[in-house]
Structures are given as C-alpha cells and as structure tokens.
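Below is one structure, written out as structure tokens; the observations come after it.
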There are 2 protein chains.
Amino acid sequence: MGEDGDIIACVIDIGALRSLPYFSRLKEAELREVARLVQAVTLTRGEVLLTGGEPCPGLYFVVSGSLKVFQVSPEGREQVLMVAGPGQSFNDVPVFDGGPNPASVEALEPSAVGLVPKEAIEDLVRRYPEVARGMLQVFARRLRLLVSLVTSLSLLSVEGRVGQVLLTFSDTAPQPRPRLRVSQQDLAAMVGTTREVVARSLRALEEAGAVRRLQTEIEVVDRKRLAEMVEQAFK
Amino acid sequence: MGEDGDIIACVIDIGALRSLPYFSRLKEAELREVARLVQAVTLTRGEVLLTGGEPCPGLYFVVSGSLKVFQVSPEGREQVLMVAGPGQSFNDVPVFDGGPNPASVEALEPSAVGLVPKEAIEDLVRRYPEVARGMLQVFARRLRLLVSLVTSLSLLSVEGRVGQVLLTFSDTAPQPRPRLRVSQQDLAAMVGTTREVVARSLRALEEAGAVRRLQTEIEVVDRKRLAEMVEQAFK
DNA sequence: ACTCAGCCGCTACATAAGTCACTGTCACGC
DNA sequence: GCGTGACAGTGACTTATGTAGCGGCTGAGT
C-alpha cells in the first residue's frame, strides 16, 4: 500500500519554502531554521497520503506534482475539495483547531510534498506575526473558494459546474487554446457527480461549440460561449 | 428600505466583546480600546445588512438575535452559508483578502450587531499575536463547517441533508424534546433546495418516526432514528 | 504481438428532485 | 365579521440526474 509514502532525508529547498505564502515574509536565516524541521515525502500516482478522520501529523505543502483533497461517501462516491499544486498547502485546518484530518489526500501524479510538524507551526505563529498574517490570508482565500464551491453545487446544474471548472482552469492556463488533462472520473468528483453525467455535459458543451473533446483532454475552444453556457445553467 | 440599518451611538458592552473568540484573550484596557472603535447596528426582521459583491466595510459580530449569510442565484434561489448567532462573527473573510463581501446577510429576527472597521482589525492583528491566533482558530472552524456543507450537498440526498440540519440543531438545544423554529423556506435555503421538497422530506422523516411536524415548528422525537435515516441517505 | 487495465462514448432505463397549481390554516388589521 | 398575507400540505407532472450495460480505443507490460 505504501501508506505513508517514502520519507527522504531533509532535502527541502529554501526556495520552495519561500514560494509559500506562509513563509514568503521570513528572512533567510529564519527560512533555514524552518527548513530543518521539514520532512520531504515523495508519492507515486494514486498513492494515498492522508485519510480523513485520522489524527493530524501536521501541515503539508506541494513541492512538485499535484494532489486531490477529497471526501468519500460510504458508497464510494468522492467529492474533491481542492486540487493542490506546487506552492499550495493543505491539511492546515486541523493544525489550528486540533481536530482530525478533515479529508483524504491522494496524489494525482508523481509528486513531492513537504511536511511541517504541528508543533513547529504553532511555534512559528507565536514568534512571527508575519507568518500569522500569511496564514490568515491563505485561509481567507480558501474560505472564498469553498463558498463558491458550495454555491455552485447548490445553484448550478451539473453542466454549469463542469463549465465553471473549465473556465477557471482556462484562466490559469493562458495559452491560446487551453487544454485540460483530467480524467472524467476526477472531473466528476470535482463537480460532485458521476462520470457518465460529466460525459453528457461535455457532449452538450461540445455541441454548443464551447469546447472540444480530444482523447483524454478537453480543449476550451470558445471561452465566451462557455461563460454564457454557465450563466444559463443557474437554477 | 432601511439599507444600512440604524447606527446607534457606541454602546457596545465590553462583555459582548470578551465573548468573541477573537478578543477573549485581550486584557481589560485593550478591550476598552477596541470597544471605542466598534459601531453598533440594530436590524428588524428581514432587514438586509450586507449585499454580496459590494465593498467590505469591516467585520461584524452578533450581539443578539440571529442572521443568515447566503448567496442568491439570478433566478432568486438562495443558499445559506451560515446562520450567525450571538458571539459569532461574519464577513471576516474580505477583511483579510481585500475582496468584496462574499455573501449577503439578512436578519432572521430583530437583531443587534457590532461592526469593527477593517483598519482596526488589521491593526489589532499586527499588535496582538493572541488576536491572530484567535482568528486562525475561528477560520479553521469555519473551514471545517464549509467542508461538511460541501460534502453533504454532494454526497447526501435532500432528505439526508434536512435530517442533518435537524440533528446538528438538536445538539445545540439539549432539551428532552428539541424543537426547531424555521420556516420551510429558510430550511430549503439551508439545504439547497425548494420548499416543496423540504415538505416532502419532512413528511418522510415523520412517517419514519424520527420527527414530528407542528404548525411552524419541527420536533425531534427520536434522535437515534433520525441519525439512522441520515446514514441511509448517502449516495 | 498479445492481454489487460483504464478511460471514454453511448443508449436505455429508473428515480430523485424540481415545478405547478391548488387548498387549508393561522394571525393580523380593518 | 371579512379580507389579506405568510406559511404549510399535497397530488400530478416534467426534467435533471443517476444507473446499468456494452463496446471500443489506447498505452503499458509480458
């Protein structure tokens, strides 16, 4: 199973730490000190790093690759809460409220992450007000994202939610013809539905001329059209 | 319309401030200083305090009464994000990420709230690390709540979600036979559906012997049974 | 070159959820 | 008394979503 991933000797780059909004305001020496506390973990695709409900080892951040943070129903259906990429942190909530991991985490591709132990974080927050401010900002952004997830789950149709995911993706990938590479299964878990329904929605979006379905990729052909489709998908 | 509510001369009690998790760690003198910056606002039932998307005046907390924080679709359907009661704060996100109000806020009953201006908060966070820690805790708790809202929207049927709301309510009201007083309309907005569907779900829960429908109240008859019903409602 | 697993496309069908339209019941004010 | 408005209850119908089942493609590994 490879439950915990492989723990590698501490090889976390100071640069990787600085790219985190948490630590960006710290000085060189302070960063070095933090780096000494960090454990590096590598994961293969599909490997499970954390399981919801278990006690919290600490805060993680992504060095390379990407991971999905999700919850599972007893029947096996998944809901993705966030997809964490390089520079993003996850599992930060339980560090501050003392509870168990709120969700499970699994690598979407071969990835490397860093683990900052709980006690180290608490210490940092106490000593450096800048760190606390950085964390408040991260939390605020996270809350906003979750709020928009809630409202799209509640107020948009599946087609609209799929479109929304494609839209926000095409913002981050600024190429002329942005292509998204996720399996329909994962896409389904992101918008809270099943693979087949995602397939139907994609067909509808394609027929409307907003996107194009390749083999395993989705291309946003007409951003504007896509945005219109999402608008019309409100309940 | 009474857009902004009435602004009363500063009559915020120091005790009210201390009951906020944000400020509970401050000393008497510091609390007095904060109190000077706070504006009090009173609201009648149904009065709108904030509108989503508008610029953020600051952070609010509830002194008495209760308010709903929600988003609306263009078609007028609502999704409630939280119901804020005495001692709880809301609209804290935009203070930290600088964006507009993430949601609208309306009084569910005659209420009194306090407004702490944005600048005051920023100043407090910088000067008192205890305040920052308190806020991080509040945010962490809020994130957890939103995560559970997301997963119940995505993984539970409407009946299950209605049951869940009743369950969590019956936790806070520890009487032998807890009774909930919300209109079905508001209940629908909490679980992301319509009044009629809520009515159907309540009938099903009543037929199962879990709850009893009074005129405008709902009584939890059998907590255990109710919890079972929710369990079976997973997708 | 084969098998196999993982992913996708599609049709047909089942059911949860949403919509519509109407009725009954209160509480309130005139 | 009567009208009015807010809230609840319910049956009939429509639609979105979920489920089942199958076949085809592709890439990795033997």
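Just so it is clear: chains get the letters A, B, ... in the order the sequence lines come, proteins before strands, and each one is counted from 1.
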Could you go through the salt bridge (Lys or Arg N to Asp or Glu O under 4.0 Å) check for A:Glu78 and A:Lys68 one step at a time?
CA-CA 11 Å; A:Glu78 292 184 0; A:Lys68 66 174 172 183; 3.0 Å; yes

Specify the separation, in whole Å, of atom CG of B:Leu153 and atom P of C:dA17.
12 Å

Tell me: NZ of A:Lys235 to C1' of C:dA17, nearest whole Å?
8 Å

Could you check which of C:dC8, D:dA8, C:dG18 has an atom nearest any side-chain atom of B:Gln184?
D:dA8

Proximity to the side chain of B:Arg77 - top-ranked nucleotide from C:dG18, C:dA17, D:dG9
C:dG18

In whole Å, what is the span from the CZ atom of B:Arg45 to the C1' atom of C:dA27?
13 Å

A:Leu205 has an atom CG; how far is it from atom P of C:dG9, in whole Å?
13 Å

Any salt bridge linking A:Arg179 with A:Glu219? Criterion: basic side-chain nitrogen under 4.0 Å from a carboxylate oxygen.
yes

Closest listed nucleotide, where the reference is the side chain of A:Arg200 and the choices are D:dA8, D:dT17, C:dT19:
D:dT17

At less than 4.0 Å, is any side-chain N or O atom of A:Thr216 found next to OP1 or OP2 of C:dC8? Yes or no.
no

Rounded to whole Å, please give me the gap between CD in B:Gln215 and P in C:dC28.
14 Å

Salt-bridge contact B:Asp171-B:Arg223 (side-chain N to carboxylate O under 4.0 Å):
yes

For B:Arg203 and D:dT10, is the shortest distance between a side-chain N/O and OP1 or OP2 below 4.0 Å?
yes

Are any of B:Arg213's side-chain N or O atoms less than 4.0 Å away from OP1 or OP2 of D:dT10?
yes

Salt-bridge criterion met for B:Glu228 and B:Arg225 (N-O under 4.0 Å)
yes

Candidates D:dG9, C:dG18, D:dT19 - which lies nearest the side chain of A:Val197
D:dT19

Given the structure, check if the side chain of A:Arg195 and the base of C:dG9 hold any donor-acceptor pair shorter than 3.5 Å.
yes

Whole-Å distance separating the CD atom of B:Glu217 from the P atom of C:dA27:
12 Å

Measure from the side chain of B:Ala199, starting at C-beta and using heavy atoms only, and say which of D:dG21, D:dT10, C:dC8 lies closest.
D:dT10

Indicate the ring-plane relationship of B:Phe90 and B:Tyr60, choosing parallel, tilted or perpendicular according to the 30° and 60° boundaries.
parallel

Between P on D:dG18 and CD on A:Glu75, what's the gap in Å once rounded to a whole number?
14 Å

Nearest-Å distance, CG (A:Leu155) to C1' (D:dA16)?
16 Å

